[in-house]
There are 2 protein chains.
Amino acid sequence: MASQTEENYLKALFNLANQEGEINISELAQQLEVSMPTANSMVKNLQKRGLVQYEKYKPVKLTPVGKKEAALIIRKHRLTEMFLVNKMGFGWEEVHEIAEQVEHIHSPKLFERMDEMMGFPTVDPHGSPIPDKQGRIQNLQLKSLIDANPGQEAVLSALADSSTDFLQYLNSRNLKLGTELKILSKEPFDQSMIVSYGSVEKETLSQKVCEKLLVKIFETN
Amino acid sequence: MASQTEENYLKALFNLANQEGEINISELAQQLEVSMPTANSMVKNLQKRGLVQYEKYKPVKLTPVGKKEAALIIRKHRLTEMFLVNKMGFGWEEVHEIAEQVEHIHSPKLFERMDEMMGFPTVDPHGSPIPDKQGRIQNLQLKSLIDANPGQEAVLSALADSSTDFLQYLNSRNLKLGTELKILSKEPFDQSMIVSYGSVEKETLSQKVCEKLLVKIFETN
DNA sequence: ATAAATTGTTAGAGTATTCTAACAAATAAT
DNA sequence: ATTATTTGTTAGAATACTCTAACAATTTAT
Ligand SMILES: [Mn+2]
Ligand SMILES: [Mn+2]
Ligand SMILES: [Mn+2]
Ligand SMILES: [Mn+2]
């Protein structure tokens, strides 16, 4: 069975994988806040355990087995976050740190019960998909708000960044998942957007923010 | 901050402490399923950290600081068990293993919320008292059923053993906390008792079982 | 193309936790 | 009292995870 440390590495590898599923040692080390030699030696260990594919000086790749293991840890993480928000009254900015610990608990039944009690949710409180029991994740095909155009409407559906700081920024602007945004204008100079939503008639969102808001854009007929 | 391993040692020390608060290395090693040298070296480590008092060849004692740390871990354990039973529908025989893991989660808020959601329970699903936030535990002064006499009535209030096997035995006899037992007779030869409760008119309980049932005995006028 | 910067690796060491083997102290049995 | 048993300790080693220092390979900049 994978240790807590190994599980955190698998999760980091999963989250950092690019299109080709490849990850550099330096990214991995940075993500986990360890030195490169530390990351390097753990990668060798995961290779010996058949969880990653790796050759000297080449990027790391999760094997199918490693990918499934990672997805199942992420499943526990996201179910936990959702449970904390929906069933225990936590704010979406409070749950990540707790889930980071709870995801390592070995108890299929605990997570089964959470899932059941919540009616089998498909996304976590930040809009990220919850992998199924087989470790499969559905792709929601969301677009970044930055790709929307003036006149269009979009529903905030997920976040490309779930850091506490960003979540608190969203709280302060009363932006939640499900919020319908009307794009009023887009500033060509700095890519900032002026939008309206709910009872907020005008709000300027910087490029940085817009990039991180993942939306479903209504088709404009 | 104490590691998960250290926390488990503290808890074991707390639970094994006798009247004088003393624990032998061999008991400790047995409880934690490690070798005596392992227990011995951890005790030295805990001493260096000011959590136990220890001298070569003498029994170990938790310091006040160690005792409080231990009680707060036990608090998390018991709140978790109660939450799993009351809010998540687990059976009392399923929760210990999960709580053994959850007790190590660092998140005052998580346990605050559990406590709040349950209305600040004072005992866990097995009748053991939940230490308060200061690490104080109330003594319920329960007696073993073995000390009750024919003709008396007693309410099952806690268990001296919460092993899965024993809990399943109690399930099979429909014995729960709160069950009122009438003592019909007591066999002098083997200390077994014949009792009646609920819709059960006659049930024989062995000495082993009676010893482990902690009860409040009604005063006989 | 060469130099500079970045990325990756190896070597060597430290802490935490655990073990077995060997021995010493304390306790129980004869 | 002596012997046997149990309990406790030390020494030495293994595994997991981490680090820094030194060096090597690769990539980027000039
Ligand atoms: Mn998260
Ligand atoms: Mn984690
Ligand atoms: Mn328990
Ligand atoms: Mn534990």
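So that the names make sense, note that chain A is the first sequence line, chain B the second, and so on, each numbered from 1.
In this structure, A:Ser26 reaches the sugar-phosphate backbone alone: every heavy-atom distance under 4.0 Å involves primed, P, OP1 or OP2 atoms, never a base. Within 4.0 Å of A:Lys44, counting heavy atoms only, lie sugar-phosphate atoms of the nucleic acid but no base atom. Residue contacts for A:Ser35: at a heavy-atom cut-off of 4.0 Å it reaches a base atom on one of the strands shown. Among the heavy atoms of the strands lying under 4.0 Å from A:Ser3 are primed sugar atoms or P, OP1, OP2 only; no base atom is included.
Of all nucleotides listed (D:dC17, D:dT18, C:dA11), C:dA11 comes nearest to the side chain of A:Pro37.
Counting only heavy atoms from C-beta outward, the side chains of A:Arg49 and A:Asn45 approach each other to under 4.5 Å. Side-chain atoms of B:Leu214 and B:Lys143, non-hydrogen and from C-beta on, never get closer than 4.5 Å to each other.
The structure places NZ of A:Lys76 at 14.5 Å from CD1 of A:Ile130, a figure rounded to the nearest 0.5 Å.
Regarding contacts with the backbone of D:dT10, every side-chain N or O of B:Tyr57 stays at 4.0 angstrom or more from both OP1 and OP2. Under 4.0 angstrom from either OP1 or OP2 of C:dG8 there lies no side-chain N or O belonging to A:Tyr54. When the side-chain nitrogen and oxygen atoms of A:Tyr9 are compared with OP1 and OP2 of D:dA16, none of them lie within a distance under 4.0 Å. Listed pair B:Lys56 / C:dA26 fails the phosphate criterion, with no side-chain N or O lying under 4.0 Å from OP1 or OP2. The shortest distance between the side-chain N/O atoms of A:Thr38 and the OP1/OP2 oxygens of D:dC17 is not below 4.0 Å.
In this structure, CE of B:Met1 is placed 14 Å from P of C:dA16, rounded to the nearest angstrom. Atom NZ in B:Lys58 sits roughly 11 Å away from atom P in D:dT9 (whole-Å rounding). Between the CG atom of A:Asn40 and the C1' atom of D:dT18 there is a distance of 13 Å, rounded to whole Å. The distance from atom CD of A:Gln47 to atom P of C:dT9 is 11 Å, rounded to the nearest whole Å. Atom-to-atom, CD of A:Glu7 to P of D:dC17 comes out at 11 Å; the value is rounded to the nearest Å. The nearest whole Å value for the distance from the CD atom in A:Glu6 to the P atom in D:dA16 is 8 Å. B:Glu33 places its CD atom 18 Å from the P atom of C:dT17, with the value rounded to the nearest Å. Distance B:Asn45 CG to C:dT17 C1': 10 Å, rounded to the nearest Å.
Just one residue in the list A:Leu159, A:Leu167, A:Val209, A:Leu170 forms a side-chain contact (heavy atoms from CB on, under 4.5 Å) with A:Leu175, and that residue is A:Leu170.
Side-chain contact of A:Asp190 with A:Gln207: a donor-acceptor pair under 3.5 Å is absent, judged by distance alone.
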